[in-house]
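Accompanying notes for the structure given below.
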2 protein chains.
Amino acid sequence: MRSTPAAETFPAQTPAASQVFTTVLSHGPLTRLDAGRRAGLSPAAVTKAVRPLLEAGYLVEGADEEARPALGRPAGLVRVNGERALFIGVKVTGDELIAVLTDLCCRIRLARRTPLPDRSVRKVLASVAGLVHELLVHAAESGAPVLGLGIAVSGDVDRAEGVVRYSPFLEWRDIPLAELAAMAGGLPVTVDNDVRALTVAEQWFGAGAGLSDFAVVTVGAGIGCGLVVHGQVVAGAHGVAGEIGHVVIDPAGPSCHCGNRGCVEAIAGDAAIVTRIREVTGRHVADSAEAVALARQGVPGAREVYARAGEAIGRGIATVANLLGPERVIISGEGLAAYDLFAGQIREAFTAAAFGSAAQCDVQTRPLPFEEWARGAAAAAIQSFITSTPRSGQG
Amino acid sequence: MRSTPAAETFPAQTPAASQVFTTVLSHGPLTRLDAGRRAGLSPAAVTKAVRPLLEAGYLVEGADEEARPALGRPAGLVRVNGERALFIGVKVTGDELIAVLTDLCCRIRLARRTPLPDRSVRKVLASVAGLVHELLVHAAESGAPVLGLGIAVSGDVDRAEGVVRYSPFLEWRDIPLAELAAMAGGLPVTVDNDVRALTVAEQWFGAGAGLSDFAVVTVGAGIGCGLVVHGQVVAGAHGVAGEIGHVVIDPAGPSCHCGNRGCVEAIAGDAAIVTRIREVTGRHVADSAEAVALARQGVPGAREVYARAGEAIGRGIATVANLLGPERVIISGEGLAAYDLFAGQIREAFTAAAFGSAAQCDVQTRPLPFEEWARGAAAAAIQSFITSTPRSGQG
DNA sequence: GCCATTATTTTCCGCTGTCAATAAAAGAAA
DNA sequence: TTTCTTTTATTGACAGCGGAAAATAATGGC
């Protein structure tokens, strides 16, 4: 039954050990005292938690040369040994696969992309296996073991079960992807929704580190949103959450594929912008790159389309802020390439529509290189590896 | 410094004991086995947790006469002894105080309301003290001790600190209400936002019992929303959360006191409906009761105003469902008196605007008697009492 | 009366994290 | 150089929580 080899498991048996490790992972090198303070543990507990992790090579010690206070015993810093383990993350889009090899600190070692002519589960799995193999070969040279594979798919994904319930882009329904991929690749597999995976990456390795309530908004072909509330990623009781793209901004707006009018996505999604610019300028516009170019050239009407998109996004973010009161909102996504075209409107619309002190929410932007989605998948795999119970876990 | 007497504390030292008690509180009489199953504990742990609570009188045993399976040792049911302790909840509105005396199961024993001619902190405290005294006298007859006072106020309230940061209705800013009321009344005081308090009541004693993700939407003078995500009430990083009333539904809609146009509250709030019906029908309409009457009589235009309000509420709820994917939404509030006038539209708009399986969310309505807000305050007090750490807690 | 069956309690037992005391690693003072 | 002071890390004893398994309890059926 189990074709996957008994993979290495993470030597953090106790809650405290997990706690300490993730704290060090997210907050860089820390003294044992600081780690304890952050994790709410006594120094003694940190010492005990750290030892097996040092022995297993997941943590390393290194003293901080500069910035040492003149008095007292110098602090010994503890940090995660990124070299200790590698992970692979794969993002499956409608027409291509993006894969990255990362270390334990989720730093990208290598990225690959390959077109995906066929969306059948079989073919996708074969392509994934091919990419994974390629990355494994590279990883073998570095000597570090690859300990997990994360796969990110848009749509309704049940991470705990490893099942893709429904992915409209891929036209998949109830595919036990984790199991299938584990059989093909021999690695423990984590499957998650793409936006949630990206949110995990921000939560552990990005601008969300240490925050208990924040949101990630992705702007691109679709408009998505990952939410962290009470320190946990929101998954939704029925698999749907963070659908900011289908929040209705203007009931008189353009119609959306979801059946409504004036969704954020129907105004600010890539396709919507391209279509609208085509209509407004009368020119032929092939893709968003051209749309951006037209707007930057100052072609009449094109700028306004972006302005309107920015307004829609800003309103959507304000809605999230009004409902959840996050500490921070991180805007990211491929669409950020056009950020200069709508940044002002996003901020303006957000400030106008945020209620009371919800406006205090810190709205940031982060560039999103194309491998970022795949990195999110790797982050999910890292998370699974670290939090996996050391019992006989199945792929 | 401490003018409050050393009040009785809840004898649940261990997490397991708290867990078991709240489980029994929310899910009625349970066998020890069932309680353990629900709380994720072994039967042995339940026995140990239950004993001190029985001894202290917070729990009582009672066998279930009917519905006993023919075989095996009959189960001994454990339930909360409501008589063991009483709590007082007070809701402060702009023009009146509502107070209730409840038992430990949050069942209302007595309700009182009194007009509030003056909103100064001094006067409000005096009125609260008067009402509390009156209820205390009644409570004394029953012999059960009153162990906590909850105060619910609309606006930005920091429950942990017991401070009202800003309440627009009362025009209060940074009032350490818990401390002030504790000095006046001699009871441990919990101060919370009114909608959050109501949400706590639903979470522990109502339709949210046992759910880890749900929302409470209140319809009335304002449109509010309390959220429970991952089993905890959402408070917002900056004190604002659940502001569904100021989610913009229609940028071309009527202007709202918050400065925007087309907020849910600007369409479906009591004042908005009355104003609009006045405009549409040309008649004099004094308050919502008259507005409802006109709509029920079939006066042309009045019904449509309610229909539009229902649509706005339904859209707002759909927005919550799209973003958070709650298991259930509980609609409540004074405005529910007009439920027959907009129920259809709420449901319709919700179904239309909910994305994908977010539409599976169970939308319920619950009548909201006038004392319900005060009961929410009592629920908050009960929660504080039960979860209070048995260290030297301050009032 | 004995047995099967289910509920509850008891009796250990492992394990976790805290506490308080101790060691370690400096620079400062003598 | 020695000794102090200061801050960090470690150690070992310890309390207590919750689990596993075995014992006990309460029934109805045979």
Side-chain angles (χ1 to χ4, degrees), chain A residues 9-24 27-55 59-79 387 389-392, chain B residues 10-24 27-55 59-79 387 389-391:
Chain A
T9 56
F10 189 65
Q13 304 78 352
T14 90
S18 263
Q19 189 82 336
V20 167
F21 188 79
T22 56
T23 303
V24 174
H27 300 281
L30 285 176
T31 72
R32 288 168 171 76
L33 230 53
D34 275 337
R37 217 165 292 141
R38 292 228 190 212
L41 292 165
S42 70
V46 177
T47 293
K48 281 184 227 180
V50 156
R51 189 172 5 247
L53 292 168
L54 281 172
E55 277 166 10
L59 292 177
V60 287
E61 289 200 87
D64 187 7
E65 294 315 314
E66 68 273 10
R68 157 154 23 112
L71 216 55
R73 170 176 174 171
L77 293 180
V78 175
R79 62 183 179 76
T387 60
T389 53
R391 303 165 200 167
S392 67
Chain B
F10 190 65
Q13 304 79 350
T14 91
S18 263
Q19 189 83 335
V20 167
F21 188 79
T22 55
T23 304
V24 174
H27 300 282
L30 286 174
T31 72
R32 288 169 173 77
L33 228 55
D34 276 337
R37 217 167 290 142
R38 293 229 190 211
L41 293 164
S42 70
V46 177
T47 294
K48 281 185 248 186
V50 155
R51 186 163 16 240
L53 292 169
L54 281 172
E55 277 167 11
L59 293 176
V60 286
E61 289 200 88
D64 187 7
E65 293 314 314
E66 66 273 9
R68 155 148 31 106
L71 215 54
R73 170 176 174 172
L77 293 179
V78 176
R79 62 182 178 77
T387 61
T389 54
R391 302 165 203 167

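Not measured: the values here are computed from a predicted model. Every chain is numbered from 1 and lettered A, B, ... according to where its sequence line falls, protein lines coming before strand lines.
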- [ ] Locate the shortest heavy-atom distance separating A/Val24 from A/Leu30; write the atom from each residue and the value.
- [x]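 Where A/Val24 meets A/Leu30 most closely, the heavy atoms are CA-CD1, 4.4 Å.
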Open item on the list: If I compare all heavy atoms of A/Leu53 with all of A/Pro11, which pair ends up nearest, and what's the gap?
Closed with: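 A/Leu53 and A/Pro11 have their closest heavy atoms at CD2-O, 3.9 Å.
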Open item on the list: Name the residue from A/Arg32, A/Arg51, A/Arg79 that meets the salt bridge (charged side-chain N to carboxylate O under 4.0 Å, His left out) definition with A/Glu61.
Closed with: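 Of A/Arg32, A/Arg51, A/Arg79, salt bridge (charged side-chain N to carboxylate O under 4.0 Å, His left out) with A/Glu61 is met by A/Arg32 alone.
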Open item on the list: Contact between B/Val78 and B/Thr31 at the side-chain level, heavy atoms closer than 4.5 Å - yes or no?
Closed with: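 The answer is no; the side chains never approach within 4.5 Å.
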Open item on the list: So B/Thr387 and B/Phe10, do their side chains get closer than 4.5 Å, heavy atoms only?
Closed with: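 No. Closest side-chain heavy atoms not under 4.5 Å.
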Below 3.5 Å, can you tabulate the donor-acceptor pairs from side chains in residues 14-23 of chain A to any protein atom, sequence neighbours excluded?
residue: A/Thr14; atom: OG1; partner: A/Ala16; partner atom: N; Å: 3.1
residue: A/Thr14; atom: OG1; partner: A/Ala17; partner atom: N; Å: 3.0
residue: A/Gln19; atom: NE2; partner: A/Ala39; partner atom: O; Å: 3.4
residue: A/Thr22; atom: OG1; partner: A/Ser18; partner atom: O; Å: 3.1
residue: A/Thr22; atom: OG1; partner: A/Gln19; partner atom: O; Å: 3.0
residue: A/Thr23; atom: OG1; partner: A/Gln19; partner atom: O; Å: 2.6

- [ ] Pull out every residue in residues 30-38 of chain B that has a heavy atom closer than 4.0 Å to any atom of DNA chain C, ordered by number, or say none.
- [x]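 Close to the strand are B/Thr31, B/Arg32, B/Leu33.
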Task: From A/Leu41 atom CG to A/Lys48 atom NZ, the distance as rounded to the nearest 0.5 Å - done: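 A/Leu41 CG to A/Lys48 NZ: 11.5 Å, rounded to 0.5 Å.
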Open item on the list: When the axes are fitted on five pairs at both termini, how much does the helix from C/dG1-D/dC30 to C/dA30-D/dT1 curve, in 10° steps?
Closed with: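 Here the local axes at opposite ends form an angle of 30°.
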Open item on the list: Generate the contact string for nucleotides 12-23 of chain C. Rules: B means base contact, S means sugar-phosphate contact only, - means no protein heavy atom under 4.0 Å.
Closed with: ----SBBB---B
Task: With A/Pro52 via side-chain contact (heavy atoms from CB on, under 4.5 Å) - residues at least two apart - done: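 Per chain and number, A/Pro52 pairs via side-chain contact (heavy atoms from CB on, under 4.5 Å) with no residue.
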Task: Rounded distance (Å) that lies between atom P of C/dA7 and atom CG of B/Leu77 - done: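 Atom CG in B/Leu77 sits about 11 Å away from atom P in C/dA7.
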- [ ] Mind calculating the distance between CZ (B/Arg51) and C1' (D/dG16) to the nearest angstrom?
- [x]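 Distance, rounded to whole Å: 16 Å.
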Open item on the list: Checking A/Arg37 now: which residues fulfil side-chain hydrogen bond (donor to acceptor under 3.5 Å, both in side chains) with it, not counting sequence neighbours?
Closed with: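 By the side-chain hydrogen bond (donor to acceptor under 3.5 Å, both in side chains) rule, A/Arg37 matches A/Asp34.
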